[in-house]
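The structure displayed is predicted, hence computed values, not measured ones. All heavy atoms count here, side chains included; hydrogens, waters and symmetry mates do not. To find a chain, count down the sequence lines: A is the first, B the second, and so on, and within it residues start at 1.
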Protein chains: 2
Amino acid sequence: MTEDTGDMWVTVTPEASRRLLLAAVDSFAERGYHGTSTRHITAGAGMSAGALYVHYPTKADLLFQIALLVHDSVLRTLHEAVAAGTGPPQRVRALMYAFSAWHARHHRAARVIQNELGALGPEHAAQIADLRRRVREMILAEVGAGAASGDFDVADLPGAARALSSLAIDVCRWYRPEGPRTPDEIGAFYAHTAMRILGAG
Amino acid sequence: MTEDTGDMWVTVTPEASRRLLLAAVDSFAERGYHGTSTRHITAGAGMSAGALYVHYPTKADLLFQIALLVHDSVLRTLHEAVAAGTGPPQRVRALMYAFSAWHARHHRAARVIQNELGALGPEHAAQIADLRRRVREMILAEVGAGAASGDFDVADLPGAARALSSLAIDVCRWYRPEGPRTPDEIGAFYAHTAMRILGAG
DNA sequence: GTCTATAGCTGGATAGAC
DNA sequence: GTCTATCCAGCTATAGAC
């Protein structure tokens, strides 16, 4: 239950492209997309101003590549989490644990995709919106299975699914690495909290 | 329970200052602080570029004034909500209802203060951080009173208070006015959800 | 593939007429 | 108090040397 999808960025090569991507995540998370200059990014990667454009055509493309990698990591994490569960309560517990812990572990990357996606152009935004819909539908399906089986007691199914998702996503807003709880502790607490929200004793 | 603090902006005079402030809230919410130009703001208020500086010394000051007014509105809304409650469950229900509904009703203003406060200078940021601490402490105190009285069953008091606050705040991220639920319906559902999270049957 | 230098544009803020 | 015109700093992206 404490596993993750490994390093989200290992597939990015060459190493200079990855350094630029990581510097962009840090700066976008801290200053926002529009508050970040290409010089912030190249300086963060230890390069000079012009070096960015050898690896990425525009600053906007950098944001898009980040969004693709991040949503892919989330989807794989959630699929791995539910795969092990044998019944709805177990599966939803694992889902909530994994989703919450992911948002703590990757809070910088998560902040970027929660706050800065408005800077994407229309067709890039549509592509990312599709990935995000798949996350929502997965959570709704798992909660719905538990409602159908009688394991959960929910009067408002979409509302309850939204509450679980909201709780996990918002971890990236308030989480601080130096805070009192580890990502795993947050995952465990929110898995328990999810069962209460769903009326599963 | 459906009351609010009235119009958050009525105290802003003259009317031209208020128009600029409202245009700034809309643009900051949609494009972010750094993505918003002073020309966006003045155009949104139906004025020309230079007119802003008659009413506000800088663009940053506009953000600060918004943050002050918004946090004042939240604090007044929460105090009014708990004032009517006679016991911890009633008080926390009213608090959660009011806090959630406020974030739906004022989702644009709320997005600005959740996402754009990083653009404030150090002393302005410190002043706003103080107001935000008062909100957190109020929620913690109300939940703590219910734990102490035995009305709630919580193993992790700060964690549970954080979950309630997180759930209500995140409403401003996903809420859409054209969506299926009204602010009051969201408030009612989240007041009920809070009781489940707190183990108050 | 990285550097320096710079083109071309947009932004925040100011000046001065009305 | 609002307008138009403008200053100049900072931005994205490109050019050309190495």
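- Separating the NE2 atom of His34(B) from the P atom of dG10(D) is a distance of 14 Å, rounded to the nearest angstrom.
- A perpendicular orientation is assigned to the rings of His103(A) and Phe99(A), their planes being inclined by more than 60° (bins at 30° and 60°).
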Original post:
Stepwise, does the side chain to side chain donor-acceptor pair (under 3.5 Å) test hold for Asp184(B) with Thr182(B)?
Top reply: CA-CA 5 Å; Asp184(B) 280 320; Thr182(B) 65; 5.3 Å; no
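- The distance between atom CZ of Arg19(B) and atom C1' of dG1(D), rounded to the nearest whole Å, is 11 Å.
- By the 30° and 60° cut-offs, the orientation of the rings of Trp174(A) relative to Tyr190(A) is perpendicular.
- Atom NE2 in His55(B) sits about 16 Å away from atom P in dA13(C), given to the nearest Å.
- Within 4.0 Å of Ser17(B), counting heavy atoms only, lies no atom of the nucleic acid at all.
- One can place CG of Leu52(B) at 10 Å from C1' of dG12(C), the figure rounded to the nearest angstrom.
- For dG12(C), one of the phosphate oxygens OP1 or OP2 lies less than 4.0 angstrom from a side-chain nitrogen or oxygen of Thr38(B).
- At the phosphate of dT4(D), OP1 or OP2 sits under 4.0 Å from a side-chain N or O atom of Ser48(B).
- A side-chain hydrogen bond (donor to acceptor under 3.5 Å, both in side chains) with His71(B) holds for exactly one of Arg132(B), Arg134(B), Arg76(B); it is Arg132(B).
- Thr42(A) comes within 4.0 angstrom of nothing in the nucleic acid, heavy atoms only.
- Taking the side chain of Val54(A) as heavy atoms from C-beta on, and the options dT4(D), dG1(D), dT2(C), the nearest nucleotide is dT2(C).
- To the nearest angstrom, P of dC9(C) lies 19 Å from NZ of Lys59(A).
- Taking every side-chain heavy atom of Ala16(A) into account, dT2(C) is the closest of dT4(C), dT2(D), dT2(C).
- Spacing between atom CZ of Arg39(B) and atom P of dT2(D) amounts to 17 Å, rounded to whole angstrom units.
- Here dT6(D) presents its P atom at 18 Å from OH of Tyr53(B), a figure rounded to the nearest Å.
- If you check every strand for non-hydrogen atoms under 4.0 Å, Ser37(A) touches sugar and phosphate atoms only.
- For the residue pair Arg162(B) / Ser166(B), no side-chain donor-acceptor distance below 3.5 Å is found, with atom types taken as modelled.
- In this structure, the CE atom of Met47(A) is 11 Å from the P atom of dG1(C), given to the nearest Å.
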